[in-house]
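Below is one structure; the comments refer to it alone.
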Amino acid sequence: MLQGQIPWGYQHIWNESGVTPHLYLLFLLVAVVVGIVKLLIVWRVAPPFRLSRVKGSPSYLDKLAATSASLQRWMGAAFFSWAILVSFNVIRVGQRILEQQEPWGVSILIVIMFYAEALSGALLVALLLYLIRWHILKRIEYLGKQGV
């Protein structure tokens with residue numbers, strides 16, 4: 001082996017976790033809990049497949065519309081939080097490359113792996129919120145047709 005080269009191995013991959021990834025995961029967890037709580041609140045008033053209870057109730061229709069708008073904002077926040085996390089990580093990896101003169105290949109691999117994990121989390125949360133919002137919009141559509 002040539003002198004001065006760093007042997008490649010999983011144990012040599014840089015993994016410096018800071019506060020930012022933990023805050024990001026906490027935010028995603030909060031978003032999931034908020035989405036599920038909103039769905040349960042909507043279902044408490046009118047369980048699935050029993051919308052006849054609230055037929056003609058404008059207050060329930062307004063509640064559904066407000067919940068849908070709130071979920072849309074949470075989905076946007078999930079994507080913005082991912083973008084902020086990416087920007088912080090780019091700075092951190094850049095500083096590490098400058099300080100330790102790490103080979104570029106390993107650094108790029110670390111960045112790609114980190115972004116893939118972070119984006120997967122954001123996409124799963126956004127998908128869950130999207131499906132909950134879709135369900136609520138279908139309820140609005142159904143009740144809107146029933147009230148007419």
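- Residues Leu29 and Leu127 do not share a hydrophobic cluster, defined by chaining ILVMFWY side chains whose heavy atoms lie under 4.5 Å apart.
- With contacts defined as side-chain heavy-atom distances shorter than 4.5 Å, the pair Tyr60/Arg139 qualifies.
- The line from CD1 of Ile136 to NZ of Lys63 is 9.0 Å long, rounded to the nearest 0.5 Å.
- A single hydrophobic cluster is not seen to contain both Leu39 and Ile41; linkage of ILVMFWY side chains at heavy-atom distances under 4.5 Å, directly or through other members, places them apart.
- Leu128 is not connected to Val33 by any chain of hydrophobic side-chain contacts under 4.5 Å among Ile, Leu, Val, Met, Phe, Trp and Tyr, and they are in different clusters.
- We find the CH2-CZ distance between Trp82 and Phe27 to be 14.5 Å, quoted to the nearest 0.5 Å.
- Considering all non-hydrogen atoms of both residues, Leu129 and Gly35 come closest at CD2-CA, 3.6 Å.
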Show the numbers, then the answer: is there a side-chain contact (heavy atoms from CB on, under 4.5 Å) between Val42 and Lys38? CA-CA 6 Å; Val42 165; Lys38 288 181 178 293; 5.7 Å; no
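- Distance NZ/Lys138 to OG/Ser68: 13.0 Å, rounded to 0.5 Å.
- Linking Ile, Leu, Val, Met, Phe, Trp and Tyr whenever their side-chain heavy atoms come within less than 4.5 Å leaves Leu124 and Ile36 in two separate clusters.
- At distances below 3.5 Å, not a single donor-acceptor pair connects side-chain atoms of Ser70 with backbone N or O atoms of Ala66.
- To the nearest 0.5 Å, the span separating OG1 on Thr67 from NE2 on His135 amounts to 11.0 Å.
- Between Val125 and Ala31, the shortest heavy-atom distance links the atoms CG1-CB, 3.7 Å.
- If you take CH2 on Trp43 and CD1 on Ile132, they are separated by 8.0 Å, rounding to the nearest 0.5 Å.
- Across all their heavy atoms, Val54 and Ala46 have their closest contact at CG2-CB, 3.8 Å.
- The shortest non-hydrogen separation linking Lys55 to Leu143 is CA-CD2, 4.1 Å.
- Taking both residues in full, the closest heavy atoms of Leu28 and Ala122 are given as CD1-N, 3.9 Å, listed atom of the first, atom of the second, then distance.
- Residues Phe80 and Met75 are members of separate hydrophobic clusters, defined by side-chain heavy-atom contacts under 4.5 angstrom among Ile, Leu, Val, Met, Phe, Trp and Tyr.
- In this structure, Leu71 CG and Leu131 CG are separated by 11.0 Å, a value rounded to the nearest 0.5 Å.
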For a side-chain contact (heavy atoms from CB on, under 4.5 Å) check, start with the C-alpha distance between Ile140 and Leu137, then their side-chain angles and the critical distance, and finish with the verdict. CA-CA 5 Å; Ile140 291 171; Leu137 288 173; 4.2 Å; yes
